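Have a look at the structure below before the remarks.
Residue numbers run from 1 in the order of the sequence given. The shown structure was predicted, so the numbers you read here are calculated from the model rather than taken from an experiment.
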Amino acid sequence: MSENLPTPSGFEQTYERIRSVLSEARARAYRAINTAMVAAYWEIGRVIVEQEQQGQEARRIRPGPPC
C-alpha cells in the first residue's frame, strides 16, 4: 500500500526549513550542555585541590564494589 503520492508545492522546502531549525537548536543545546559540564568538572577539580591544600585527603571514588 505504499504509493508515491505527489507532494504539495513547497512542502519539501518547508520540511527542510523545519529540519534546519531543529538541527540548529540541537547543536546549540549540545554546546550549552558541554559548557555546563566543563564548568562542573572545573568546579569539582577546584574543590578537590582546595581540600588537598588544606592537608585533608580527598575521598577517592572507586568503580565497582569496595575491595
Side-chain angles (χ1 to χ4, degrees):
M1 266 197 122
S2 63
E3 299 176 15
N4 288 335
L5 300 175
T7 59
S9 175
F11 173 78
E12 293 205 19
Q13 287 179 336
T14 302
Y15 174 78
E16 285 303 318
R17 286 177 61 195
I18 292 170
R19 189 171 165 211
S20 175
V21 167
L22 290 174
S23 178
E24 289 173 17
R26 225 177 262 117
R28 284 192 307 270
Y30 288 141
R31 282 192 298 274
I33 290 168
N34 286 339
T35 300
M37 292 305 299
V38 167
Y41 291 136
W42 183 272
E43 181 66 17
I44 290 168
R46 189 184 65 75
V47 168
I48 291 170
V49 168
E50 282 180 359
Q51 189 171 6
E52 287 176 345
Q53 287 178 349
Q54 292 173 4
Q56 300 173 358
E57 184 178 331
R59 263 201 269 173
R60 194 173 192 144
I61 299 174
R62 294 184 192 169
C67 296

The criterion is side chain to side chain contact (heavy atoms under 4.5 Å, CB included); which residues satisfy it with Gln13, sequence neighbours excluded?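 With sequence neighbours excluded, Gln13 shows a side chain to side chain contact (heavy atoms under 4.5 Å, CB included) to no residue whatsoever.
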
List the residues meeting side chain to side chain contact (heavy atoms under 4.5 Å, CB included) with Ile18, not counting sequence neighbours, and say none if there are none.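 Once residues adjacent in sequence are excluded, the partners of Ile18 under the side chain to side chain contact (heavy atoms under 4.5 Å, CB included) criterion are Thr14, Leu22.
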
What distance do Glu16 atom CD and Ser20 atom OG have between them, rounded to the nearest 0.5 Å?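 Glu16 CD to Ser20 OG: 8.5 Å, rounded to 0.5 Å.
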
Sequence neighbours excluded, which residues qualify as salt bridge (charged side-chain N to carboxylate O under 4.0 Å, His left out) partners of Glu24?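 Partners of Glu24 by the salt bridge (charged side-chain N to carboxylate O under 4.0 Å, His left out) criterion come out as none, since no residue qualifies.
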
Taking side-chain hydrogen bond (donor to acceptor under 3.5 Å, both in side chains) as the definition, give me every residue that meets it alongside Arg46, ordered by chain and number, with sequence neighbours left out.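 Residues passing side-chain hydrogen bond (donor to acceptor under 3.5 Å, both in side chains) with Arg46: Glu43, Glu50.
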
Do the side chains of Ile48 and Tyr41 join up, straight or via other hydrophobic residues, at under 4.5 Å, putting them in one cluster?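 Ile48 clusters together with Tyr41.
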
Only distances under 3.5 Å count here; give the side-chain donor-acceptor pairs of residues 29-40 to other protein atoms, sequence neighbours excluded, each with its distance to 0.1 Å.
| from | atom 1 | to | atom 2 | distance (Å) |
| --- | --- | --- | --- | --- |
| Asn34 | ND2 | Tyr30 | O | 3.3 |
| Thr35 | OG1 | Arg31 | O | 2.9 |

